[in-house]
Each structure stands twice: as C-alpha cells, then as structure tokens.
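Reviewing the structure listed below.
Throughout, protein chains are lettered first and strands after them, A, B, ... in sequence-line order, and every chain is numbered starting at 1.
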There are 2 protein chains.
Amino acid sequence: MSDEARPYHLDDQVGYILRLVSQRHASLFLARFGQDLTPTQFAAMARLDEVGQCSQNELGRRTAMDVATIKGVVDRLRAKGLVEQTADPGDKRRSLLSLSAAGAGMIAALHQMGHAVTEDTLQPLNAQERQDLLALLRKMV
Amino acid sequence: MSDEARPYHLDDQVGYILRLVSQRHASLFLARFGQDLTPTQFAAMARLDEVGQCSQNELGRRTAMDVATIKGVVDRLRAKGLVEQTADPGDKRRSLLSLSAAGAGMIAALHQMGHAVTEDTLQPLNAQERQDLLALLRKMV
DNA sequence: CCATTTTCATTTGTATACGAATAATGGGGC
DNA sequence: GCCCCATTATTCGTATACAAATGAAAATGG
C-alpha cells in the first residue's frame, strides 16, 4: 500500500501514545509529590546527588535539559533553599551547584517517593512486561 | 530490600526514560515538519479531520489537551488559516471548528509525513518489537 | 418553571522546553 | 602574547501543559 493511501489513525501513532503515557506519569507524580517538587526539579536534585557538585550547564546535560530550561529549574530549587550555588575558583564563567543541607536531607525520602511513582506508573504491567518495556524504550533514546 | 535502602538510579526510572524518548520523537518531528506545524497542532488537525466539525473543548478532550492548551493550539491554527470557526446555531456557548479548505488540502501530505515521523521514531525496533512496544504503552494510558 | 448543576470558553499564573542571540571567559595553536 | 574557537550563563520569544477562577449559557430535577 502506498504511503498516500495508507490510513492514518492518530491513536495508533507512537508519538501520540507516548504523550498520553507521559501525561499519566505526570499525573501520578503530582499525586505523590503535590506542589512541592515537579518531575524535572526532582530529576535535577536526584542527579545532583548522584554526581555531586557540578556546573549548571553540566547538570542540564546530565538531565537532558536545555540551558534555558535548567536555569529556570535551578532558580526555583535555589528559591526553595534546596540547591546552593558557589563561585568556581578556577573558572569565572561558571558557578558550582550542590545540594543544600536541607536538600541533601530530603534525598532519602525523595528516593522512596520516586520508587513509588515508578511503581504507580508501571502498575498495569507484570514483572516481565516491565522489563520488556524498559528494554524497548532504551533502544529508542 | 526495604524501600529506604533500595538504590535510586534516575536512568532506570520509567518516567525519566519516557522523557528522553519523547524528546527524541519531538526532535524527529521537527526535522520533518520544520516550523510549519508542531506535534500538538498536527494532532489537532488530524483529529479534526477524523471527527469532522466539533467544539473546541471536545477537540481538546479528543486530543488529550486541557481547555487552556487547546485554546492556544486552535488560535495558532486559525492564525495560519488552517482551521475555521463558526457559531453554533443551537448553542450560544460554543463555536464549531472545522478544517479550512487550505487545512483540508494539506491532510494527505500531513498523513504521509506523520507516518514518516512514526517510522523514524520506531526505526531502532524491528516489526515484532514495534508491536510489543505499542501493546505495552497502551496498557499504561 | 425555577433553582441547582454542568458545560463552554476565556483568562491568569506557573513551569517546562527549545531555538537563537549575546557577553564574558577559557583554551589552543602559532 | 594573540587570535580563533569553544564553553558558560543569561535573555528573549514562542509553544505546550495544567490548576484555578470566571461569566455566560444550557441542561436537569423537582
């Protein structure tokens, strides 16, 4: 069948379904975290905990966020007192980010809630299906 | 292992991976469509073609868009001359949306490019994997 | 037929998301 | 030491995305 004649069903397109699944995940995340932390703010904190002190642009690269996006995320985390900024002694362009004491103190609880959101999101799938889904998604990054 | 002690790896969380996959899809969509049409604008047009004339809120529900989101999308499609709005004779609250002649004339080409974006996105997977992925994602909506 | 409830559309505010442009700084080659 | 290029951070503009509130109009129930 030629491309022109093949019927197009929005509901069958992977991009559209991905948006629906992402929406459900965001909704489940909001149900656990409330207004306290958004998924991207959570990701930035989790990554900053993993890698330790790093620059804003590097944190953005490590969390797949544009320089403009990571700036806003970091600004809001600093406003909440969860992330701190210090000058880099060896490079006047950059400032070094790290978790504040308050931010670091939340990490264990955040990890626990993060696992819970993942469990909520994957709830419709059994163990084998979860493994298969993650393997397939990883091929598409 | 208790929740508290289980290690947390951002890269293993389905929500984070979903964001990466969605980003790649958006990038592939942009490569095909350029600045002409965004994924959501495309979805609104494809759905409007499927269901024919309908109200703005109904189009939003059928494309999984909030009332505030669909309003912006429709406004921009109307500004481009792809969608037209007429008053509903039987209900003064709502206005009926439909594709303009220009919008309807683009549908065949849009479908073709939509299929191409889907193909680009699924390119890393073989036929069986594509089928499995869509089946798994559909369980999670 | 009137009061309660729903629905439609709009608006406001906040938070991603990214392209593009800019200024300041750093590093490499020569 | 100096020029070119890369990197850092910021800013602007546009486009989702959604909660919440509003006003108008329709549907519903007694």
If only side-chain N and O atoms of [X] are considered, is one of them under 4.0 Å from the OP1 or OP2 phosphate oxygen of [N]?
| X | N | result |
| --- | --- | --- |
| Thr69(A) | dA15(C) | no |
| Arg93(A) | dA23(C) | no |
| Gln35(A) | dT14(C) | no |
| Asn57(B) | dA9(C) | yes |
| Arg61(B) | dC8(C) | yes |
| Thr40(B) | dA15(D) | no |
| Gln56(B) | dT10(C) | yes |
| Thr38(B) | dT16(D) | yes |
| Gln41(B) | dT16(D) | yes |

Figure out the [atom1]/[atom2] separation between [X] and [N], and round it to whole Å.
| X | N | atom1 | atom2 | value |
| --- | --- | --- | --- | --- |
| Lys71(B) | dA20(D) | NZ | P | 21 Å |
| Phe42(A) | dA15(C) | CZ | P | 18 Å |
| Met65(A) | dT8(D) | CE | C1' | 18 Å |
| Leu97(A) | dA9(D) | CG | C1' | 11 Å |
| Leu20(A) | dA17(D) | CG | C1' | 14 Å |
| Gln23(B) | dA17(D) | CD | P | 13 Å |
| Leu96(A) | dT8(D) | CG | P | 12 Å |
| Lys92(B) | dA27(D) | NZ | C1' | 16 Å |

Is the count of non-hydrogen atoms from other residues, nucleotides or ligands lying under 6.0 Å from [X] atom [atom1] greater than 12?
| X | atom1 | result |
| --- | --- | --- |
| Arg130(A) | CZ | yes |
| Arg24(A) | CZ | yes |
| Lys80(B) | NZ | yes |

*asked:* By nearest atom, which of the nucleotides dA17(D), dG19(C), dA9(D) is closest to the Asp66(A) side chain?
replied: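 Closest nucleotide among those given: dG19(C).
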
*Would you please classify the geometry between the His25(A) ring and the Phe29(A) ring as parallel, tilted or perpendicular, with 30° and 60° separating the classes?*
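The arrangement is tilted - the two ring planes meet at 30° to 60°.
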
*Identify, between Arg94(A) and Ala26(A), the residue whose nearest nucleotide on DNA chain D lies closer to the 5' end.*
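That would be Arg94(A).
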
_Taking the nucleotide of DNA chain C with the nearest heavy atom to each, does Glu58(B) or Val67(A) sit closer to the 5' end?_
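Its nearest nucleotide lies further toward 5', so the answer is Glu58(B).
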
_The single option from Leu37(B), Val117(B), Asp36(B) passing side-chain contact (heavy atoms from CB on, under 4.5 Å) against Phe42(B)_ =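 Exactly one option meets the side-chain contact (heavy atoms from CB on, under 4.5 Å) with Phe42(B), and it is Leu37(B).
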
